[in-house]
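Each remark here refers to the structure printed beneath this line.
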Amino acid sequence: MADATPPPEPLLRPTVDEDGAPFWDYAARGELRVQACAACAALRWPPRPCCPHCRSFDTEWRRMSGRGRIWSYVFPHPPLLPAYAAQAPYNAVVVELAEAPRVRLAGNLVAAPDAPLDSVPPERLRIGVKVQVVFAEVDGMAVPRWMLERP
């Protein structure tokens, strides 16, 4: 008799829209870029067609260093989705970018780019801890994750 165990559910993939597509294109190249207004230079996140400061529709994508600090974090208990149960307890972090403190990106703190989401012990997470972006492939898509910055 064949094994009736269903295949594991995939992890969530980001939804790519027209405004955010360049972010994911740069991520596929290993670059962290943030949308900026080409008229007034204000950075904006999430990406959108019009600058909330000057109302310009002219945009550019600025390369960031990838450095930041943990602004907030949580350990979902129980895991909110079945696909994540095997990696619990895992973290979800919000990272404030070093050169753009108003830009905060969500992700996970991991020990290596392709490490499981539970690869960093919970006691290592603290508000303000410095981190560096890395990119991991999730179901054919490069997604930003974060590693502790080495001194």
Side-chain angles (χ1 to χ4, degrees), residues 8-85 87-120 122 124-150:
E9 291 183 46
L11 298 181
L12 290 176
R13 279 181 53 135
T15 300
V16 179
D17 63 11
E18 184 178 339
D19 297 319
F23 175 85
W24 300 107
D25 292 341
Y26 287 116
R29 295 185 229 164
E31 297 179 19
L32 181 65
R33 292 194 182 231
V34 172
Q35 189 184 50
C37 177
C40 75
L43 295 174
R44 59 184 186 250
W45 188 261
R48 51 192 170 262
C50 180
C51 177
H53 303 286
C54 75
R55 307 290 187 246
S56 172
F57 285 89
D58 297 329
T59 64
E60 60 188 17
W61 287 83
R62 293 231 187 100
R63 189 169 188 164
M64 301 285 110
S65 68
R67 294 184 349 268
R69 68 178 194 93
I70 294 177
W71 186 78
S72 185
Y73 67 92
V74 66
F75 291 92
H77 292 287
L80 302 177
L81 299 169
Y84 292 82
Q87 297 188 56
Y90 60 90
N91 64 71
V93 298
V94 177
V95 172
E96 176 181 79
L97 297 183
E99 59 268 85
R102 291 185 180 174
V103 174
R104 297 181 183 128
L105 303 175
N108 305 96
L109 186 68
V110 292
D114 293 320
L117 300 183
D118 64 351
S119 62
V120 175
R124 302 277 320 264
L125 275 79
R126 296 281 182 267
I127 302 296
V129 167
K130 292 182 179 181
V131 294
Q132 177 72 41
V133 74
V134 294
F135 294 91
E137 185 180 323
V138 174
D139 200 21
M141 182 177 211
V143 297
R145 291 196 174 153
W146 305 91
M147 290 180 55
L148 295 171
E149 190 175 89
R150 306 240 183 249

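Numbers here are sequence positions counted from 1. Bear in mind the structure is a predicted one, so any value in this text is a computation, not a measurement.
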* Measure from NZ or CZ of R104 to the centre of the six-membered ring of W71, then state whether that distance is under 6.0 Å and the direction lies within 45° of the axis. =>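 Yes, R104 lies over the aromatic ring of W71.
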Does a sphere of radius 6.0 Å around CZ in R102 hold more than 12 heavy atoms from other residues, nucleotides or ligands, not counting ones at 6.0 Å or beyond?
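Not more than 12 within 6.0 Å, no.
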Can you establish whether the number of heavy atoms outside R67 located under 6.0 Å from its atom CZ is more than 12?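 12 or below, so no.
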- Can you tell me how far CG of L43 sits from CZ of R62, rounded to the nearest 0.5 angstrom?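 One finds 5.5 Å between CZ of R62 and CG of L43.
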Q) At what distance, to the nearest 0.5 angstrom, does CG of D58 lie from SG of C51? A)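 Between atom CG of D58 and atom SG of C51 there are 10.0 Å.
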Just do the side-chain contact (heavy atoms from CB on, under 4.5 Å) check on V16 and F23 with the steps written out, would you? CA-CA 9 Å; V16 179; F23 175 85; over 6 Å; no
Does a side-chain heavy-atom distance below 4.5 Å link [X] with [Y]?
| X | Y | answer |
| --- | --- | --- |
| P47 | W61 | yes |
| M64 | E99 | yes |
| S119 | Q87 | no |
| F75 | L125 | yes |
| Y73 | I127 | yes |
| C37 | R44 | yes |
| P76 | Y90 | yes |

[X] side chain to [Y] backbone, donor-acceptor under 3.5 Å:
| X | Y | result |
| --- | --- | --- |
| R145 | V110 | no |
| E137 | A28 | no |
| Q35 | R48 | yes |

Evaluate the side-chain contact (heavy atoms from CB on, under 4.5 Å) criterion for residues V133 and L105: first the C-alpha distance (whole Å), next the side-chain angles of each, then the deciding distance (0.1 Å), finally the verdict.
CA-CA 10 Å; V133 74; L105 303 175; over 6 Å; no
Applying the side-chain contact (heavy atoms from CB on, under 4.5 Å) test to W146, which of V131, V129, V134 qualifies?
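Of the listed residues V131, V129, V134, the side-chain contact (heavy atoms from CB on, under 4.5 Å) partner of W146 is V131.
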